Protein chains: 2
Amino acid sequence: MNSPTGTRDPDQTRERILDAAYKLFVDKGFAAVSMRDLAEESGVTKSLIHHHFGSKEALWELVKERAIEAYAKGQVAELEAAEEPGPQLLHDSIERYFRFLQEHPEVARLFAWTHLDADQSCGKLDAELVRLGAERIRQAQGRGLLRADVNPANVVTLFVGCCTHWFQARAHHAHWPGVGDDEEFLDDFLKIVMGGLLPRDGKEGS
Amino acid sequence: MNSPTGTRDPDQTRERILDAAYKLFVDKGFAAVSMRDLAEESGVTKSLIHHHFGSKEALWELVKERAIEAYAKGQVAELEAAEEPGPQLLHDSIERYFRFLQEHPEVARLFAWTHLDADQSCGKLDAELVRLGAERIRQAQGRGLLRADVNPANVVTLFVGCCTHWFQARAHHAHWPGVGDDEEFLDDFLKIVMGGLLPRDGKEGS
DNA sequence: GTATTAACTGGCCGACCGGTCAATAAGGGC
DNA sequence: GCCCTTATTGACCGGTCGGCCAGTTAATAC
């Protein structure tokens, strides 16, 4: 069922199947999507999907891997091209991640599915991103630009988790009284986290 | 198949079914659990589950509703019995929520499922909890004990989201270099958030 | 004791599941 | 031209799905 009747383009076919699978799996979850759904959405036969990807599970693994790898590589590239370590870089990195999820909310859903899958492999793909982010924070700490008594990796985990959850729980928040929109939340979040990470003017205990 | 052969206790039976459904649904998700799984886990027949709850969907809705209502009521009770509004109350509330999820990690999973369900009703059940928490923060802000230029509801959303995501993404974090354990993360999180929410010693712009 | 109600069972239904397989057809190398 | 590879199809498999229904059995009301 490729566009010019009777012609074949296996690469494009694979792409179409992967796109359809990404859309349906992220939307409904692995268990709620059938091979027949995938076949219909991508405009090919069930058998052809098996031919190209082997099994439903294998397709799902590939979909996850591709999406997370693309995300991680993009973020790493932006982080490596960034300015000197310091509060501004942290601020920009948080906002960059927030904007990314804002434009690609389906990625937040994908993360949620992988967490519930107890997925082993997907956590490894963004490890490099976390390592790089933590390193930048550690450098800023070494220069006295960020408070030094917190674990840099925990800082990354904190802001990634907070932003991710914001988009995952959007439907929930709609029922919560007084919760603001994306912009207000990002503003407040940045105020609090940056305020908590800047070194205090005076020395402080506790 | 109740304990004393031949006797009946429909309330206990319903309870057993609900317990089994909670366990299986939270573990595998709605779509990946069959009525036959539920029947086996609870030790009754498939037909009996239909008799008591009507359908698989209705059972899932009831399971979600009960669990979230119990959680919300418990947290509201603790919050209402708490001390005066201020930094200490906020600190304790964050830690209380964190400890709750630490003891009941399945609740974090339940939240993830409800988010992916695009569940309409479950967000309403904890609205009262959010309203109450935000009100306490607003009171503390009014007394100058917490910085006043952030939306209290966003503060609640922030710490709830961060703690929830921490437990949802645990498997992921295992692959992230340098991320600490529960105690270290909670410590760092509290340092940052409390540090960011305390009024600055000197007035500051920006 | 008997009638009524509700808890509970086992068997059955049509639909759908993921996967396989033989057959067909198109493309590329020669 | 032919051949070999492979993309692609549709029919088919055994198994499982959620739900239904007729029948049995225990508690209850009178």
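Basis for what follows: all heavy atoms, side chains included, without hydrogens, waters or symmetry-related copies. None of the values given here were measured: they were computed from a predicted structure. Proteins get letters first, then strands, A, B, ... in listed order; numbering begins at 1 in each.
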- Item | ring pair (Phe, Tyr, Trp, His ring centres under 6.0 Å) between F159(B) and F98(B), intermediate numbers included | CA-CA 9 Å; F159(B) 85 72; F98(B) 189 90; over 10 Å; no
- Would you find a donor on one side and an acceptor on the other, under 3.5 Å apart, between the side chain of Q141(B) and the backbone of V150(B)? yes
- Message: For R99(B), is there an ion pair with E183(B) - N to carboxylate O distance below 4.0 angstrom?
- Response: yes
- note: D37(B), atom CG; dC17(D), atom P; distance rounded to Å ~ 6 Å
- Task: Round to the nearest Å and state the distance from W60(B) atom CH2 to dG18(D) atom P.
- Result: 14 Å
- Task: Run the salt-bridge test on D11(B) and R14(B) with the 4.0 Å N-O cut-off and return the result as yes or no.
- Result: yes
- Message: Can you measure L59(B) atom CG to dG18(D) atom P for me and round it to whole angstrom units?
- Response: 11 Å
List, with names and distances, any nitrogen or oxygen atoms from the protein found under 3.5 Å away from nitrogen or oxygen atoms belonging to nucleotides 10-13 of chain C.
unit_1	atom_1	unit_2	atom_2	d
dG10(C)	N7	S47(B)	OG	3.4
dG10(C)	O6	S47(B)	OG	2.3

- Item | Rounded distance in Å - CG (D9(B)) to P (dT28(D)) | 10 Å
- Hey, is K23(A) close enough to D37(A) for a salt bridge, meaning N to O under 4.0 Å? no
- H51(A) vs dA7(D): side-chain N/O to OP1/OP2 distance below 4.0 Å: yes
- Message: At a heavy-atom distance below 4.0 Å, what parts of residues 20-33 of chain B sit against DNA chain C?
- Response: none
- Query: In terms of side-chain heavy atoms, does D117(A) have a donor or acceptor partner in T114(A) at a distance below 3.5 Å?
  - Reply: no
- Item | Distance-only donor-acceptor test (3.5 Å): side chain R8(A), base dT8(D) | no
- Item | Atom-pair distance (CG on L48(A); C1' on dA7(D)), nearest Å | 6 Å
- Just how far, in rounded Å, is C1' of dA22(C) from NE2 of H50(A)? 17 Å
- Query: Under 4.0 Å between a Lys/Arg side-chain N and an Asp/Glu carboxylate O for R66(A) and E69(A)?
  - Reply: no
- Let me know the distance between CE of M35(A) and C1' of dC12(D), rounded to the nearest Å. 16 Å
- Message: With a 4.0 Å cutoff (strictly under), does any side-chain N or O of S55(A) reach OP1 or OP2 of dG18(C)?
- Response: no
- Query: Would you say S34(B) reaches dT16(D)'s phosphate, i.e. side-chain N/O to OP1/OP2 under 4.0 Å?
  - Reply: no
- Query: Is H51(B) reaching over with its side chain to a backbone N or O of S47(B), donor-acceptor style, under 3.5 angstrom?
  - Reply: no
- Query: Would the F100(B) and Y71(B) ring centres measure less than 6.0 Å apart?
  - Reply: yes
